[in-house]
Amino acid sequence: MSTVKWKKHQILGSGSFGTVHVASPSNEPNSTNVVAVKSASFPHSDSLKMETNFLYELRGCPEIVQCFGDDISVENNNEVYNVILEFAPGGTLSDLINIPGKMSERLVAFYTRMILKGLSNIHELFVHCDIKPGNILVFPMKDGTNHLKIADFGLAKDVGVEIDSYRGTLVYSSPESVEFGVLETSTDIWSLGCIVIEMITGEKIWKNISKQELINEIVRGEPIIPQNISDIAKDFLQRCLAKERQKRWTADKLLYHLFIVDNLVKVA
Ligand code: ADP
Ligand code: MG
Ligand code: MG
């Protein structure tokens with residue numbers, strides 16, 4: 001439990017399970033020391049506690065959001081469970097994708113490498129199960145580049161443990177997760193492929209279709225690799241988006257793919 005109590009300010013995000021606020025220490029009203037506090041009350045607090053356990057286990061990885069502690073507050077006579085996270089001033093990767101203009105392949109490779117480093121750490125023990133731009137936080141650096149960190153372990157699970165139903169965000173979901181509820185490390189790699197397409201083209205991998213068509217496309221269709229990109233980027237995408245999950249490369253292997261290695265420069 002952390003001892004400092006945090007005063008919540010504006011909302012950064014909210015879902016059906018809880019809310020994320022910017023917060024500062026309540027005993028220092030003018031502090032510039034801000035954090036993000038993710039909160040939920042019972043019964044959703046139970047899954048937030050599990051999420052916190054994943055974050056504690058992954059502490060120290062530079063590409064995973066750091067958790068400073070947790071506490072319980074009482075708000076409107078309700079017990080609220082709070083997780084104190086480092087605050088990402090740059091928003092999420094969705095915000096970067098939404099900036100007009102295309103990202104260069106070099107920049108995409110620079111961002112992809114950071115996501116792969118995070119995944120490489122996660123995959124030693126866990127599957128994230130919800131890799132998507134809105135769950136990747138952005139930390140602007142002094143040199144003008146952005147550092148990325150993976151967040152939102154709300155759907156994460158242990159490697160090798162079977163789950164009883166599908167979970168995730170459909171458009172980033174792999175064929176085996178949608179069809180059979182199979183979620184293993186290779187599932188996160190598929191989602192990464194979807195994100196790389198979205199960074200390169202500015203558009204989602206599957207577009208303008210109904211939920212049923214989307215399920216059909218994911219399970220039976222072939223993901224469309226953009227044509228107007230370099231051969232090396234195409235090859236990288238094929239390694240992520242192999243329909244047979246056993247054929248997908250691991251995060252550790254993808255870190256040494258030429259798309260990543262040939263673009264080893266910091267890009268602002
Ligand atoms: P949910 O499980 O509801 O999706 P997330 O952990 O993804 O919760 O947080 C929801 C949103 O809140 C994120 O998409 C992001 O916009 C914002 N957010 C979450 N954590 C932080 C943080 N540490 N710093 C800044 N913004 C954050
Ligand atoms: Mg989220
Ligand atoms: Mg979540």
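Start at 1 and go down the list; that is how both ligands and their atoms are numbered.
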TODO: Output all residues satisfying side chain to side chain donor-acceptor pair (under 3.5 Å) with Lys49, sequence neighbours left out; order by chain, then residue number.
DONE: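 None.
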
Task: Contact summary for Ser174 and Ser177, nearest pair of heavy atoms - done: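 Looking at all heavy atoms of both residues, the closest pair is O-OG, 2.8 Å.
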
Is [X] reaching over with its side chain to a backbone N or O of [Y], donor-acceptor style, under 3.5 angstrom?
{"X": "Asp95", "Y": "Thr92", "value": "yes"}
{"X": "Glu184", "Y": "Gly160", "value": "yes"}
{"X": "Ser26", "Y": "Lys5", "value": "yes"}
{"X": "Lys234", "Y": "Gln227", "value": "yes"}

Open item on the list: According to side chain to side chain donor-acceptor pair (under 3.5 Å), does anything in residues 212-226 pair up with another residue at least two apart or in another chain? List the pairs.
Closed with: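 Sorted pair list: Ser210-Glu213, Asn216-Arg220.
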
Any idea which atoms of ligand 1 are less than 4.0 Å away from a heavy-atom of [X]?
{"X": "Lys38", "answer": "1 (P), 2 (O), 5 (P), 6 (O), 8 (O)"}
{"X": "Thr92", "answer": "14 (O), 15 (C), 16 (O)"}
{"X": "Gly134", "answer": "13 (C), 14 (O)"}
{"X": "Gly13", "answer": "11 (C), 12 (O)"}

Task: Proximity winner for atom 21 (C) of ligand 1, if only heavy atoms of Val83, Leu137, Ile11 are counted - done: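 Heavy atom nearest to atom 21 (C) of ligand 1 belongs to Leu137.
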
Open item on the list: Does Lys38 form a salt bridge (Lys or Arg N to Asp or Glu O under 4.0 Å) with Asp152? I'd like the steps, not just the answer.
Closed with: CA-CA 10 Å; Lys38 187 167 181 176; Asp152 194 358; 3.4 Å; yes

Task: Common cluster, Met50/Ile131, ILVMFWY with side-chain heavy-atom separation under 4.5 Å - done: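 In one cluster with Met50: Ile131, no.
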
Task: ligand 1-proximal atoms of Ala36, by part, heavy-atom distance under 4.0 Å - done: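 Looking at Ala36 and ligand 1, just side chain atoms fall under 4.0 Å.
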
TODO: Give the contacting part of Leu12 toward ligand 1: side chain, backbone, both or neither, where contact means a heavy-atom distance below 4.0 Å.
DONE: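 For Leu12, the contact with ligand 1 is made by both the backbone and the side chain.
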
TODO: Examine the side chains of His9 and Ser24 and answer whether a donor and an acceptor come within less than 3.5 Å of each other.
DONE: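 Yes - a donor-acceptor pair under 3.5 Å links their side chains.
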
Task: Polar contact flag, side-chain donor to acceptor under 3.5 angstrom, Thr19-Lys8 - done: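 Their side chains do not contain a donor-acceptor pair, so the 3.5 Å distance test is not met.
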
Looking only at protein heavy atoms, which one is nearest to [atom], and what is the separation?
{"atom": "atom 24 (N) of ligand 1", "value": "Ala88 N, 2.9 Å"}
{"atom": "atom 4 (O) of ligand 1", "value": "Asp152 OD2, 2.9 Å"}
{"atom": "atom 10 (C) of ligand 1", "value": "Val20 CG2, 4.0 Å"}

Open item on the list: Test your reading of the structure: does Glu86 have an N or O sitting under 3.5 Å from an N or O of ligand 1?
Closed with: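 Yes - when backbone and side-chain N and O of Glu86 are compared with those of ligand 1, one distance drops under 3.5 Å.
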
TODO: Give every protein N, O or S atom lying under 2.8 Å from the Mg ion (ligand 3), naming each by residue and atom.
DONE: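 N, O, S partners closer than 2.8 Å: Asp152 OD1, Asp152 OD2.
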
Task: Whether Phe17 lies under 4.0 Å from ligand 1, heavy atom - done: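 Heavy atoms of Phe17 never come under 4.0 Å of ligand 1.
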
Side chains of residues 114-121: which donor-acceptor partners sit under 3.5 Å, not counting sequence neighbours?
from   : atom 1 : to     : atom 2 : distance (Å)
Ser120 : OG     : Asp252 : OD1    : 2.6
Asn121 : ND2    : Lys117 : O      : 3.1

